[in-house]
*Asks:* 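Encoded as C-alpha cells, here's the structure I'll be asking about.
Protein chains get the first letters and strands the later ones, always in sequence-line order, with residue 1 at the start of each.
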Number of protein chains: 2
Amino acid sequence: MPTSTDTHLAATLRIAVMRLARRLRTERPDTDLTLSQLSALASVDRHGPMALGALASHERVQPPSMTRIVGALADRGLVSRVPHETDGRQILIATTEAGRDLLKEDRRRREAWLAQRLRELSPAELAVLHEAAPILEKLTSV
Amino acid sequence: MPTSTDTHLAATLRIAVMRLARRLRTERPDTDLTLSQLSALASVDRHGPMALGALASHERVQPPSMTRIVGALADRGLVSRVPHETDGRQILIATTEAGRDLLKEDRRRREAWLAQRLRELSPAELAVLHEAAPILEKLTSV
DNA sequence: TATTGTTATACTCTATAACTATA
DNA sequence: TATAGTTATAGAGTATAACAATA
C-alpha cells in the first residue's frame with residue numbers, strides 16, 4: 001500500500017510542480033533578454049565572478065556560444081569583463097550593479113504573482129505549505 | 001507579520017518549485033524529439049484531435065512553424081493528419097498508438113526519479129507532501 | 001472576399017572547426 | 001605544446017511574407 005501511494009503521489013506532485021513552474025516562468029517581465037542570457041547572468045550573480053570557460057560548462061553551452069552571450073550582456077552593461085590577475089588568457093565575467101538590479105526586479109515580479117495566490121489560501125493551507133517547502137527543497141539536494 | 005511570512009514563503013516556495021521542475025525536466029529520456037515537438041505531441045494527446053491552426057495558437061507558435069513540427073512528428077508516425085469532415089481546408093492532427101506509447105514512456109521515466117526520492121523521505125514528510133500536493137495544484141487553477 | 005494551411009525566404013541561436021594569444 | 005578565448009562558417013528552429021485551395 002505505501003508503494004502504490006508513493007507512486008500516485010509522485011505522479012500528482014510532478015504534475016503540480018511542473019504546472020506551477022510553468023506559471024512562474026510565464027509570469028516573467030519581458031526583459032527582452034533571451035533565456036540563455038538571463039540564465040547566464042543569474043549564474044554569474046549566484047556564483048560570483050567566473051572565467052568564460054567555466055561559465056560555459058556550467059551553463060552547458062560551448063565556449064563560442066558563451067562568448068556571444070556574454071557579449072550581448074556586456075553591450076547592455078549587465079556584466080563586465082575583468083582580466084585574470086595572473087593568467088592573461090582568462091577573462092572573468094562579473095555582474096554589474098545594473099545586472100544585479102535587473103535580476104532583483106525579475107525575481108520580485110515573479111514572486112509577486114505567487115504571493116498574491118498565497119494570500120488567497122486559508123491559514124491551514126498556508127501552514128501545510130510552510131511545512132512542505134523545506135521538504136521540496138530536500139528532494140533536489142540529492 | 002503574516003504578510004512578511006507570506007513573502008518569505010513565496011520566495012522559498014518559488015525556488016524549491018523551480019529547482020524541482022528543473023530536475024524533473026532534466027530527468028528526461030533522450031527521445032531525440034525537440035521540446036517543441038514533444039510539447040505539441042503532448043497537447044494533441046491531452047486535448048484530442050485538433051486543427052493545425054488551433055494547435056499552433058495553443059502552442060504559441062506560428063502556423064508555418066507548426067506545419068514543420070507536425071511534419072516531423074508525422075514522419076516518425078507519432079501523429080496522423082486526418083482531413084476535416086466538412087471543411088476541406090482544415091486538417092486534424094491526432095496522436096497515433098506510437099505517439100501515445102512514447103508519451104507514456106516519457107512520463108514513466110520522469111516519475112521514476114521522483115518516486116525514488118520520495119522513498120527516501122520519512123512517513124511524516126510524505127504525509128505533509130500528500131496534503132501539500134492538492135494545494136499546489138490549486139495555486140495554478142486560477 | 002475571408003480563412004486554412006503551405007512554400008519561400010530571412011533571422012536568431014547554437015555548434016564545430018580554425019585561428020590568435022598566452023602559459 | 002597545451003590552454004583560453006575569439007572568429008568563421010554551418011545547421012537547427014522559428015518568424016514574416018507570399019501563395020494555393022477551399023468556404
*Asks:* Considering heavy-atom distances to DNA chain D, does Pro63(B) or Gly88(B) have its closest nucleotide positioned more toward the 5' end?
*Replies:*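 Closer to the 5' end of DNA chain D: Pro63(B).
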*Asks:* Could you state the atom-to-atom distance from CG of Leu52(A) to P of dT22(C) in whole Å?
*Replies:*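 Answer to the nearest Å: 16 Å.
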*Asks:* Is there side-chain contact between Asp101(A) and Thr96(A), with at least one heavy-atom pair below 4.5 Å?
*Replies:*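 Answer no - side chains too far apart.
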*Asks:* Please report the distance, rounded to the nearest Å, between CD in Gln90(B) and C1' in dT6(C).
*Replies:*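 These atoms are roughly 15 Å apart.
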*Asks:* Can you tell me the distance, in whole Å, between the CZ atom of Arg60(B) and the C1' atom of dG13(D)?
*Replies:*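 Arg60(B) atom CZ is separated from dG13(D) atom C1' by 19 Å.
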*Asks:* Please compare Arg68(A) and Pro64(B) by the position of their nearest nucleotide in DNA chain C and report the one closer to 5'.
*Replies:*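 Final value for this comparison: Pro64(B).
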*Asks:* Figure out the CD/C1' separation between Glu85(B) and dT22(D), and round it to whole Å.
*Replies:*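 Value for this atom pair: 17 Å.
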*Asks:* Would you say that Leu55(A) contacts Ile69(A) through its side chain, given a criterion of any heavy-atom pair below 4.5 Å between the two side chains?
*Replies:*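 Side-chain contact under 4.5 Å: no.
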*Asks:* OP1, OP2 of dA12(D) versus side-chain N and O of Thr34(B): anything below 4.0 Å?
*Replies:*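 The answer is no; no side-chain N or O of Thr34(B) sits under 4.0 Å from OP1 or OP2.
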*Asks:* From CG of Leu55(A) over to C1' of dA4(D), roughly how many Å is that when rounded to an integer?
*Replies:*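 Nearest whole value for this atom pair: 14 Å.
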*Asks:* Which distance, rounded to the nearest 0.5 Å, do you find between the CD of Glu59(A) and the OG of Ser43(A)?
*Replies:*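 Interatomic distance, Glu59(A) CD to Ser43(A) OG, rounded to 0.5 Å: 3.5 Å.
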*Asks:* Using whole Å, report how far CE of Met50(B) lies from P of dT4(C).
*Replies:*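 The answer, rounded to whole Å, is 13 Å.
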*Asks:* Can you establish whether the number of heavy atoms outside Arg22(A) located under 6.0 Å from its atom CZ is more than 12?
*Replies:*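 No, CZ of Arg22(A) has 12 or fewer neighbouring heavy atoms, counting only those of other groups under 6.0 Å.
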*Asks:* Under 4.0 Å from OP1 or OP2 of dA15(D): is there any side-chain N or O of Ser65(B) that close?
*Replies:*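 The answer is yes; a side-chain N or O of Ser65(B) sits under 4.0 Å from OP1 or OP2.
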*Asks:* Mapping Gln37(A) and Thr86(A) to their closest nucleotides on DNA chain C, which lands nearer the 5' end?
*Replies:*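 Residue closer to the 5' terminus by nearest nucleotide: Gln37(A).
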*Asks:* Please determine if a side-chain N or O atom of Gln62(B) lies less than 4.0 Å away from the OP1 or OP2 oxygen of dT16(D).
*Replies:*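 For dT16(D), OP1 or OP2 has a side-chain N or O of Gln62(B) closer than 4.0 Å.
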*Asks:* Would you indicate which nucleotide in dA2(C), dA21(C), dA15(C) comes nearest to any side-chain atom of Arg89(A)?
*Replies:*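 Looking only at heavy atoms from C-beta outward on Arg89(A), the closest nucleotide is dA21(C).
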*Asks:* With a 4.5 Å cut-off on side-chain heavy atoms, are Thr34(A) and Gln37(A) touching?
*Replies:*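 A side-chain contact under 4.5 Å exists here.
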*Asks:* In whole angstroms, how far is the P atom of dC13(C) from the CG atom of Leu35(B)?
*Replies:*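 Whole-Å distance recorded here is 17 Å.
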*Asks:* Please report the distance, rounded to the nearest Å, between CE in Met66(A) and P in dT3(D).
*Replies:*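 Atom-to-atom, Met66(A) to dT3(D), this comes out as 21 Å.
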*Asks:* Using a cut-off of strictly less than 4.0 Å, decide whether Thr67(B) has a side-chain nitrogen or oxygen near OP1 or OP2 of dT6(C).
*Replies:*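 Yes.
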